[in-house]
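A note on names: the letters A, B, ... follow the listed sequences, proteins ahead of strands, and every chain is numbered from 1.
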2 protein chains.
Amino acid sequence: MARTRNHPREGGTRRRGGSSRAGDAVTLEEVARLAGVSTITVSRALNQPDKVAAGTLEKVNRAISQTGYVPNLLAGGLASKKTRMVAAIVPSIANLVYAETMQYFSKRLNEFGYQVMLGESGYPERSEQSLLSAILSRRPDGILLTGVNHSPECRRLLIGARIPVVETWDLTPTPLDLVVGFSHERIGLEVADFIAARGYRRVGTISASDRRAQYREKIMLERLQRHGVTETYRVQIPVPSDMRKGRDGLAELLQRGLGTGVVFCSSDTLAQGALTECLARGLKVPEQIAIIGFGDQSFAADTFPALSTVRIDRPRMGRVAADALLARIDGRPLEEHVIDVGFQIIERGTT
Amino acid sequence: MARTRNHPREGGTRRRGGSSRAGDAVTLEEVARLAGVSTITVSRALNQPDKVAAGTLEKVNRAISQTGYVPNLLAGGLASKKTRMVAAIVPSIANLVYAETMQYFSKRLNEFGYQVMLGESGYPERSEQSLLSAILSRRPDGILLTGVNHSPECRRLLIGARIPVVETWDLTPTPLDLVVGFSHERIGLEVADFIAARGYRRVGTISASDRRAQYREKIMLERLQRHGVTETYRVQIPVPSDMRKGRDGLAELLQRGLGTGVVFCSSDTLAQGALTECLARGLKVPEQIAIIGFGDQSFAADTFPALSTVRIDRPRMGRVAADALLARIDGRPLEEHVIDVGFQIIERGTT
DNA sequence: GGTCAAAATGATAGCGCTGTCATTAACAAG
DNA sequence: CTTGTTAATGACAGCGCTATCATTTTGACC
């Protein structure tokens, strides 16, 4: 067969043979030839420029820009066993609290030449294990996970991968490797104390059916009981949280008998929904219904009234997770394998 | 179970040379040996199971699960020149309209065995070119871009990469390759007509300093002029948009003299901020201030009053972009290279 | 000029997989 | 019993890069 089958998809713009470049992508070898050096020198010029003489460096750089060379990190990664890529698994990127954390995480990593590959574990159709497997196939240098609960198969895969792992959004004394997060238990306790201290006698909760949210709620309710607050109403909503569910949740609490009191929501979004429902019904906030959110998302300070909430320092969590991972990847010693970024109850207008 | 490996997880102390990782990763060869077949057969069992006899397949699968083999897609990609990875560049993942689109885009691609690598172009510190370059180094099989305006260097890189490209969130008769989006011009026109038809005589805008938002605003204002609506007030805010900026924007419009009228915001988030500011000031919506958002994000229907807005079908855009890319990657013919997913003005309670 | 260490560069051998044949097995038809 | 055809499997050569070690060049110093 005389046909070349290099590019089965039709180019549209230009056919082969046009410019200096024949058929395929430029390789190191081509650059080396043009610069009159060996391939390894070009490789060094790219990765350890200080190990190459200034004149050579210049020749190489000229050859690179002349050819429009773009390194092939697949080949590089295969040879060096370093992909300069880090994977991250979050429940959903369409949830701002995770997206924001990822933004800071990626940004930090980018500064050090790493790329982040994002995976969403939120789909029930796709097991976390198959996601993890797909991700590990690309040999990331490290991986970030959300939460500390993983199936035995996942743990096995992670251990087998022998790469640094950082778990986030939770805390555990026995991390797989590293954990950067905060204590949902302490949040539950402190929110309960906060509520009790302000004298609320009736408490409602709107919580997503999310392990961590449920845990905060459970702890809070238990503590509340100890404070003598026993009139509680619970509404559970399926993920993903949105304003509608917050509105509906509040409506249901009301219908169940919560006349006045405070409502603790498992996210600011739900809280904003609850707040809106109060508004729509003409209920005074916080006089009749007080509301506490979770997350301290950017909008929390700007609702009306401004939302009282639990602040999680997501930028810091993202950055600290990135730094910890980088340190482990570089083999630098780490002071702590368990990093608590804490939280803070922010009291604004809704309580 | 021939587990000869030790427990390196403690490590971090091992110096270079000491292959704390990867040195002992299971390879195809090991699986092949255990299954008593050649490596290529294992490869086929994985990638084209129908080309392998049932018995062999079973042997191989047993060997795979015994060894805990995880394929190395770097090696596979290098050899086959197919990475089963698609890159996507969005301005910001912490902006739900993009995050959501990406969610649907990724989901579709995942179903076909592709992984998405996300890049954010929003940082001024990092040029789009360097981002693109970093991404192309990983040899994605295709790439999604946000917008249709790219620097000459970026265009060169993209053309040089010789992979399918889909541009989104805009429309152009001359896409680099494919474009899946909607017309900002038509939105500007229709919103203007909508506003004029309802008899608003005073119009304010709160727009992010984003090329597409500015363009919609410009077109709208021009058309409005033709409708004889000339009392206009414009506020421009820096990205990223948030509720605070919407509130401040509305405050500024009011201060500049917009007594009553309609305000067109470049995003639902800004609109929600504007709405909240009205609420805080006791202004009646829509009687005194009418508000139109953009995007139709999930919360738009649930604000109080519910937000009138321009709906963009993000799930569809994500899916269509994925399908188009998949078709191009597989070399399947495409009916259209320019796909308009349209938009829709949704009238709710704020107008 | 000679010596030696450091700097600069290069040759070689893979990394773990798949494309491309070539080979063998299995089996129906002549 | 050929012959031809398809199914199943394998040998081998890379893909484009970097680790490793070898070699050459440079230059500081006596």
*asked:* So if I take every side-chain heavy atom of A/Val37 and compare against D/dA8, C/dG10, C/dG19, which nucleotide ends up nearest?
replied: C/dG10
*Counting side-chain heavy atoms from C-beta on, which of C/dG16, C/dG10, C/dC15 comes nearest to A/Ala79?*
C/dC15
_Which is more 5' along DNA chain C, the nucleotide nearest A/Leu78 or the one nearest B/Thr39? Just name the residue._
A/Leu78
_Among C/dT9, D/dG10, C/dC17, which nucleotide has an atom closest to any side-chain atom of A/Arg44?_
C/dT9
*Consider the side chain of B/Thr56, meaning its heavy atoms from C-beta on, and name the nucleotide among C/dG14, D/dT9, C/dC17 that approaches it most closely.*
D/dT9
*Which nucleotide in the set D/dT9, C/dT9, C/dG16 lies at the smallest distance from any side-chain heavy atom of B/Val52?*
D/dT9
*So which nucleotide from D/dT18, D/dC15, C/dG19 ends up closest to the side chain of B/Lys81?*
D/dC15
*Phosphate contact (C/dG16 OP1 or OP2) by B/Thr27 side-chain N/O below 4.0 Å*: no
*Tell me which nucleotide among D/dT20, C/dT18, D/dG16 gets nearest to the side chain of B/Leu28.*
C/dT18
*Please determine if a side-chain N or O atom of B/Ser43 lies less than 4.0 Å away from the OP1 or OP2 oxygen of C/dC17.*
no
*Of the nucleotides C/dG19, D/dT18, C/dC17, which has the atom closest to the A/Asn47 side chain?*
D/dT18
_Taking the minimum atom-to-atom distance to the side chain of B/Ala75, which one of D/dA19, C/dC17, C/dC15 wins?_
C/dC17
_If the cut-off is 4.0 Å, is A/Ser38 near the phosphate of C/dT9, judged by side-chain N/O to OP1 or OP2?_
no
*Rounded distance in Å - CZ (A/Arg33) to P (C/dG10)*: 14 Å
*Side-chain contact test, heavy atoms from C-beta onward, threshold under 4.5 Å: evaluate it for A/Leu325 versus A/Tyr114 and give yes or no.*
no
*Go through D/dT9, C/dT9, C/dC17 for me and flag the one nearest to the A/Ala53 side chain.*
C/dT9
